[in-house]
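If you're wondering where the values come from, they're calculated on a predicted model, not measured in any experiment.
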Protein chains: 2
Amino acid sequence: MDLTGDLLRGHTDAILLSILQTQDSYGYEINQRIFKQSNQLFSLTEATLYTSFKRLEKDGYIVSYWKDGINQVPRKYYSITILGQEYLKKHIDSYHKATAVIQTFLGGTHGKED
Amino acid sequence: MDLTGDLLRGHTDAILLSILQTQDSYGYEINQRIFKQSNQLFSLTEATLYTSFKRLEKDGYIVSYWKDGINQVPRKYYSITILGQEYLKKHIDSYHKATAVIQTFLGGTHGKED
DNA sequence: TATCATACCTAATGTGTCAAGGTATGATAT
DNA sequence: ATATCATACCTTGACACATTAGGTATGATA
């Protein structure tokens, strides 16, 4: 089974924000972080990743700045804003409510015994 | 906050299947069930509901039959198939894996204290 | 005979994701 | 020099699922 970003659909933005809440970071690194933190189960396609960044920046949830290290490919760093933190909080709240409901349907349905 | 079907996105089919696993039912009733079982938080739009049925039937996960009661508007009942049960099982498995990962990102991020 | 609840359905549009491209820098090997 | 790889960014077109906004029809009630 391969778990694509489709299973994360709708939560991508929040996941990126949650990572940025820890510290500023850039696309390539963030995606690697998701890959590792999910035990190599998930990673976003670059298209999804950068589309998400565009959306988040347009909405004012993150801001960006370039960082050109010496002997290093330029990186575009992102920083979460207050607005972004508020959005994240609300999303997490909705997420918990939604999963609670989904749980009532999908939770007791499967047979663990087999 | 209003919780629309977008938060259930991707899980609609599985939710319908899980209800049908309990017993055969029809669209209108199923949607009312979702509404009640979610404490009036969620319900599907009819378009989403019937689109989902079409998809599920096309894929062989459910079969349908009309039931014309006396003094009653005809109802289209749905019944889950073996294929549907297998799909449901797999979906639930993926769902658990996905929520586990999402949890690692969104779980410890929010401040309950405020 | 008008209106409401029940009960089904479709077409057009929107949103997020993916597949498949592209550009450019720095390191390494030939 | 130049080929190749890893890093690092970005865009376009297509697709899947959900929504908005309609539509049809029956039975009960006013």
Visitor: Taking atom P of dT17(C) as reference, at what distance in whole Å does atom CD1 of Ile34(A) sit?
Guide: 11 Å
Visitor: Expressed as a whole number of angstroms, how long is the span from Ile30(A):CD1 to dT7(D):P?
Guide: 16 Å
Visitor: If you link I, L, V, M, F, W and Y whenever their side-chain heavy atoms are under 4.5 Å apart, who else ends up in the same group as Val63(B)?
Guide: none
Visitor: When the distance from CG of Leu16(B) to P of dA18(D) is rounded to whole Å, what number comes out?
Guide: 9 Å
Visitor: dT6(C) C1' sits how many Å from Asn71(B) CG, rounded?
Guide: 14 Å
Visitor: Rounded to whole angstroms, how far apart are CD1 on Ile15(B) and P on dC17(D)?
Guide: 14 Å
Visitor: Please tell me if Thr45(B) has a side-chain N or O lying less than 4.0 Å from either OP1 or OP2 of dA18(D).
Guide: no
Visitor: Run the side-chain hydrogen bond (donor to acceptor under 3.5 Å, both in side chains) test against Asp13(B) and tell me which residues pass, sequence neighbours left out.
Guide: Ser52(B), Arg55(B)
Visitor: Could you work out, with side-chain hydrogen bond (donor to acceptor under 3.5 Å, both in side chains) as the rule, every residue matching Glu57(A), not counting sequence neighbours?
Guide: Ser64(A)
Visitor: Taking salt bridge (Lys or Arg N to Asp or Glu O under 4.0 Å) as the definition, give me every residue that meets it alongside Arg33(B), ordered by chain and number, with sequence neighbours left out.
Guide: none
Visitor: Could you tell me how far apart Leu8(B) (CG) and dT19(D) (C1') are, to the nearest whole angstrom?
Guide: 14 Å
Visitor: Checking Glu29(A) now: which residues fulfil side-chain hydrogen bond (donor to acceptor under 3.5 Å, both in side chains) with it, not counting sequence neighbours?
Guide: Ser25(A)
Visitor: Taking C-beta and beyond as the side chain, do Ile15(A) and Ile30(A) meet within less than 4.5 Å on heavy atoms?
Guide: no
Visitor: Answer yes when Asp93(B) and Lys89(B) have at least one side-chain N-carboxylate O distance shorter than 4.0 Å, and no when they do not.
Guide: no
Visitor: For DNA chain D, list all stems, counting runs of three or more consecutive pairs where every pair is Watson-Crick or G-U wobble with both distances under 3.5 Å.
Guide: C:1-30 with D:1-30
Visitor: When every nucleotide of nucleotides 7-16 of chain C is labelled 5' to 3' by its protein contacts under 4.0 Å (heavy atoms), B for base, S for sugar-phosphate only, - for none, what sequence of letters results?
Guide: SBBBB--B-B
Visitor: Which ILVMFWY residues are connected to Ile70(B), directly or by a chain of links, through side-chain heavy atoms under 4.5 Å apart?
Guide: none
Visitor: Could you give the CG-to-P distance, from Asp68(B) to dT6(C), as a whole number of Å?
Guide: 19 Å
Visitor: Would you kindly give the CG-to-C1' distance between Leu7(A) and dC17(D), to the nearest whole Å?
Guide: 14 Å
Visitor: Which ILVMFWY residues can you reach from Tyr26(B) by hopping between side chains whose heavy atoms are under 4.5 Å apart?
Guide: Tyr28(B), Tyr65(B), Tyr77(B)
